[in-house]
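So that the names make sense, note that chain A is the first sequence line, chain B the second, and so on, each numbered from 1. Keep in mind it's a predicted model, so treat the numbers as computed, not measured.
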Amino acid sequence: MTGSGILQGLAETAKNFVGSFTHPAENLATIEYPEQRQKLAENTRQFPFLVFDGTDPEAGLRCVACQICEKECPPQCIYIIKSKAKKPDFVGKPQFFPAVFDIDLSVCMSCQICVEVCPFDAIKMDQDFELATSDRFQGLLFHKDRLAKPNSHFQKIHPTEAGETDTRRAADLEKAQAAAAKAAAAAAASAKPVATPANSPEAKNPPPASPAAGTPPM
Amino acid sequence: MSVLFVLLAGLTLGAAWAAVTLRNLVHAALCLIGSLAGLGLIYIQLDAEFLGLAQILVYVGAVAILIVFAVMLVRGTEPLVGRLSTSPWLGGAITVLLAALLLWAVSKSPRLRAPTPPAPTVTVKAIGQQLTRDYVVPLQGIGLLLTAATLGAALIALPRRGSNPPSTPP
Amino acid sequence: MSYPGAPAISFQPRYAPDGTEQDGELLEVSLGPQHPSTHGVFRMDATLDGEKVVRLKPVFGYLHRNHEKIAEGASYLAAMPYTDRLDYFCSLTSNWAYALTVEKLAGLAVPERAEYLRVITAELTRIQNHACVCGFLLQDMGALGTPLMYAFRERERVLDLFESLTGARMMCNYLRFGGCRCDAPAGWLDAVRGVVAEFPRFLDEFEALLSNNEILLARTQGIGAVSAAQAINGGLTGPLLRAAGINYDLRKVDRYGIYDRFEFRIPLGEHGDVFDRYMIRVLEIRESLKILEQALKTIPDGPIIDPKAKLRGFRPKAGEAYGRLESPKGELGFYLISDGGPNPYRYRIRPPSFINLTLLEDMCLGRPLADVVVILGSIDIVMGEVDR
Amino acid sequence: MNTLDQLPETLKDHVVGVFPAGLQPWISALLAIGALCAIFPALFALTTVLERKILGRIQNRPGPNRVGPAGFLQFAADGIKSLTKEDIVPRNADRLLHFLAPLVVVIPPLLAFSVLPIGRNLVALDLPETGLLFFFAVGASVEVGVFMAGWSGGNKYSLLGAMRALAQLISYELPLILSALTVVMLTGSLSLVAMVEKQSAVQVAGLHAWNLFTPWGVVGFLIFLTAAAAEANRSPFDLPEAESEIIAGYFTEYSGFKFALFFLGEYLGLFAVCGLGITLFLGGWLPPFTWLNWIPSWLWFFGKLGALIFFFIWLRGTLPRLRMDQLMQFAWTFLLPLTLINAFVAGLWHFTADWNVLFRWALSAGLLAAAYVALSRPFARAFPRRTYRFAP
C-alpha cells in the first residue's frame, strides 16, 4: 500500500525520539564536552613529547640528538641543534644532547614515525589535544623546555608501552652494569699494584659501560 | 464621502496611474496588484465583505501572479528605453473626451438624485442559493468554459511529440 | 537593472510566435565550489534549459596537494602517512593498497596474524564508509540530517575501534611493509565482535527508515542510470559497476590477501541507477559483516611483522609493481617504479572516485537540477582522492 | 472553570472599562491586536527552540542546551545575532521591492490570526458571513511577497526559488481550499465560530462531534495537513529553500533582520494554517470529551497547535524532499482528485444521516479507500519492488 514506507520511517524516528528520553544511555550518542570528557584509548596519539628520567629535564633527557627522527619525519617539522658538550646518559656513557630541539606542531601530522625510528625511546606520543593558541607563528612552535615531560607522565598515558620500555631499559642497565663490573674487575686484576682510583660512581649515575645496544622497538 | 473612502480611492487611482506610467514593467505589475487590492478594500468599506474578499482572493491571489509570470516570460524586465507613447497629445485628447462623456452620463443618471435605498441584507447563503437556483445554467456554462481553457493551456504547454523527452521519470 | 551592463536575467518562451521551437535563453549556473552539497571543494558549471541540464562541466583541482611528487621525494615509509590523506574516509584501505604494492615490489611475506588484521580493518572501513555515503546521499535529498546522524552514530563506534588500535580515528597510518605497526591491544578483538554483532540492528533501522520510503523511491529510481556497456567503457569500478549488474569485485578477482578463505557473496543490481547504488552499498555492508564474523573466529596468534622488513633505509630492488585492491569507492591501485634508491622513482595512484566522476555528465544530461546533486551524491567522491 | 476560561475576556473588559466610552471600541481593538501580535511571535520564538531540540532528539543528540535553562533562551541568542548581523543589499537589487518583500510576507499571517477562534468567545474579528474567505484572501497575498523577494534580489538562485515557490503555493492552494470547502459545505456557513459551534454537538459517551471523527473528516484532515505543509514550505515540500540545490531559495539575498523576518513569516504562516486546520477538523477550542471542559478552552487550542507543530517537526526530521515535477504531479494527479472525491463522500455522508451508523461508515470509508488505492496505483506501478541477485 503506497504510503506505508513513509509511515515506517516516521515510526523509526519516533522510536528514536522516545528512546532518547526513556533510556538516554544508548540513544544519546553525544556527551557534553567540556564538562564530561571521553576516556581516550590507551594508544591514542596527538603530538610528540620528549621523555626525561628523574626530575631534572636537562640532565635526565633521554634524547642524544642523533637526528634520526629529524631525517625520517615526513613533513620535516623537527629541528635539532646538537650541543658540543656531552653528558652521561642513563647507563653513564657520555652522550651528546640537543641544545635546541623544536617541533612545529602546526606542521606535525602526528604520524608517530619519529617514535618508531627513535632507538633511544626518547620521543613518545602525548595525548593532550587542547593546544589552541591565538599566536599563529610562535604559538605552536614548541621548544625543548615545553616538549620535555617526565617518564611518570609517559607511564600515566601509555601504561603498557611504558611498562615494556622500562623493563627493557632496566635490563640494559643491568647488562651495562655487569659489563662495567667485569671490566672494572679485569682492570683491577691487570693493574693490581697500582691502585688507580676507581671512578667512584656518582650518586645518581652508575659506572660507565658500553652504550645500550639500540634494540628494535617493540 | 468618509475620510477612509477618499483614502482608499486615492490609493486605487494612484496605483492604477502608476501601473500605467511606470517604466519598469515589474513595478507596473505590482502597482496593478495594489490597485486591485484597493478596489477590494473599497468593496469591504461599502460593507460588501463577500465581494471584497472574493476580489482580493481571486485577483491578488491568482490573476496577479499570472500577470507577473507573463511579465517574467516575455523578457519584459528591462526598463522601457524609448518614449512612452508616440503621440501623447492625441492620447490626452481622447482621455479628456472620454472622461467628459462619463461624467455627463453619471450626472444624468436618475439614481443619483433618488435617496440612497437602504442597504439590502444580503447573506452569503442567499448568494449561494441564488447561484444554484436561478443562475445555475450560466454557472455550469462558466465551469465548462474554464475547464476548456485549462485543457487548452495544458495542450499548448505539452512538448511537441518526440521533440524532446519530458524530464519526469519514465 | 539599476547599473549599466548588468546581466539581464530573463527567459525566452520556448516557441516563437510562428510556432517554430527556438533555443530558449540558457541559464548558466555554477554549482560550487562553495556549494553546500558538493562533497568537498568541487565545482560543476551547469548550463540549464529551464531546469533541465544541457551541459555539465565538472571543475576540480581545488584540493590538489601534489601528493605523488611529495611521495617521490620522501622515503617509502614517509609516504605511508600521506596515503591516509588520500581518501580520508578509508585510510586503512589506502594504507593496505600502498603496502601491498611495496610488498609486491620488494617481495616481502606477510605473517598470518597481520593478514587477518588487515582484512578486519579493511572491512570495518568499508562498513563505516558505506554507511556514511548513504547518510550523505539522503542529506542531499533533503532529509535534514537524520539518516546522516544515524550513520555517524555507528561510524563513531568503528572509529573508536580504529583509535584504540592505531592511535588515530581517521589518520591511522597503521600498516608497514611486511605487516602491521602494532598488535591489537588486549580486549580489542572482543570490542570488534561487539560492534559487528550490534551493526545489523542499525542496518535494519536504516533500511526501515529509507529503503521503501516512497519519496526516496521517487527521487532515486531511474535517475542517473548507467548501462553495463557505458559503465565498462567509462572505467567505473566498485559499487557503481556492480549496480549496473557486472560481477567485478577485486576481492574475488585478484583474491589478494586471504580473502579466498572467507565465504561471502557480491550483490549485483540491474538498473545501475541511484537507488541500485544505495541498495548495493547497504547489501555490501551485510556481506562485510559476514567476512568480519569469520575472520574474528579464526584469527591466529603470532608475529605481526616480517622480521626481515627494515624500517629505515628500506631500498627495494629496481623494478616496477602495480598493486590494487577493492576500496569502498572502487579499484584503488598504486603503481611504483623503484630505481633501487631510498625513495620511489615514480609513484602513481589509480583513484577510483576520480575515474567514476568522469561519467557525471553522461548521467546528468536531461535531468533537472535537483537530480544532479543526488547523482553526485550517489557516485560517492572524496575530493582528497579525486585531486590527490 | 468559567473564570479561568474567560480570564482573557474579563481582563479585556476591565481594561476597556477604564477608558471613556468614545475610545472603547478602539482600545478593545488595540488590545486584541496587541494580544495576537504578542502571543504568536512568542510562540514562534518557542517553536524555533523546540524545533531544534526535537530534531536533535530524533537524531540522537540533546539539541541546544547551553543558552538559558535547558537551552530555552536560544531564540534570544538567535534574535540578537540576526539583529547585529550586517544587512547587505546586493548592488543590482531592486531596493524598494527588496525592502518591502519581508513585510508583505509577514503581515498576512498576522491578519489571518484575527479570524481564528482561539477560545470560547475569544475571537478577535468575528466575521459571521465571511470568516474563512477572509483567511484565504489574506493567505493568498503571501505569494506576491514571495515573488517580490525572489525577483528583487536580482540573483539567479533566488529567481529559481521564487518561481518554484509560486508554482508550489498556487498548486497546493487548491486542495487546501477545497478540503476546507468540504467542511463549509456541511457546516452551512463560512463563519469559523459557527464551525466550532457545530462541532460541539455531543455524540456517544460525551464525545464532541469533531469533524475528524467522520471518514471524510479523517481524509480531509490528512489532505489539509499535506497542503498546509506545502503552503508553509515545510518538510517534504520545502523545495523553495532547498539548500542542497539552490542555496536558500527566494531569500538568498537577505541577511540580518530581514532574513529573520522571513523566518518569522514562514512560521506564522505555519501557525495560521495549523490554527485553521484545528478550527475546521479538530473542533477549535472544544475538548474531545465534555467532562474535560474544566481545562480552559484557549489551552485546548494551543495544545492542539503544539501537537500539530510537533507533527510538522517530526515530518521534517524524517522525510527527504520531493523534486519539483513530482511535487506538481502529486498535487494535480493525486491530491486534487482525492479532495473532490472526499467532497462527494461528505455530501453522501450528509444525506445518509438517518442510516445505520455502521453501514454509513462502511460505505463512506470504503469509497474513500477505493479512491485512494485507485489514485495511488500509477505510483506503485512506476516504482515496483526490486530484488537483487548475489554472485558467489
Ordered numerically, the heavy-atom neighbours of chain D under 4.5 Å found in residues 237-252 of chain C are C/Gly245, C/Asn247, C/Lys252

Residues at least two apart in sequence or cross-chain that pass salt bridge (Lys or Arg N to Asp or Glu O under 4.0 Å) with C/Asp260, listed by chain then number, are none

Is the closest side-chain heavy-atom distance between C/Ile215 and D/Gln326 below 4.5 Å? no

Ranked by heavy-atom pairs below 4.5 Å to chain C, first place among D/Thr387, D/Leu55, D/Leu319 goes to D/Leu319

Okay, C/Glu263 and chain D: the region with an atom under 4.5 Å from a heavy atom over there is neither

Applying a strict 4.5 Å limit to non-hydrogen atoms, the region of C/Leu283 in contact with chain D is side chain

Review point. Ignoring hydrogens and geometry, is there a side-chain-to-backbone donor-acceptor pair from D/Arg323 to C/Arg219 under 3.5 Å?
Key: no

Turns out that what part of D/Arg386 lies under 4.5 Å from chain C's heavy atoms comes down to side chain

Okay, C/Phe275 and chain D: the region with an atom under 4.5 Å from a heavy atom over there is both

*Within a strict 4.5 Å, meaning less than it, do heavy atoms of the D/Thr318 and C/Leu209 side chains meet?*
yes

Checking heavy-atom separations under 4.5 Å from chain C, one finds in residues 94-101 of chain D none

When the 4.5 angstrom heavy-atom criterion is applied to D/Phe330 and chain C, the contacting part is neither

Within residues 267-274 of chain C, the residues sitting under 4.5 Å from chain D by heavy atom, in sequence order, are C/Pro267, C/Leu268, C/Gly269, C/Glu270, C/His271, C/Asp273

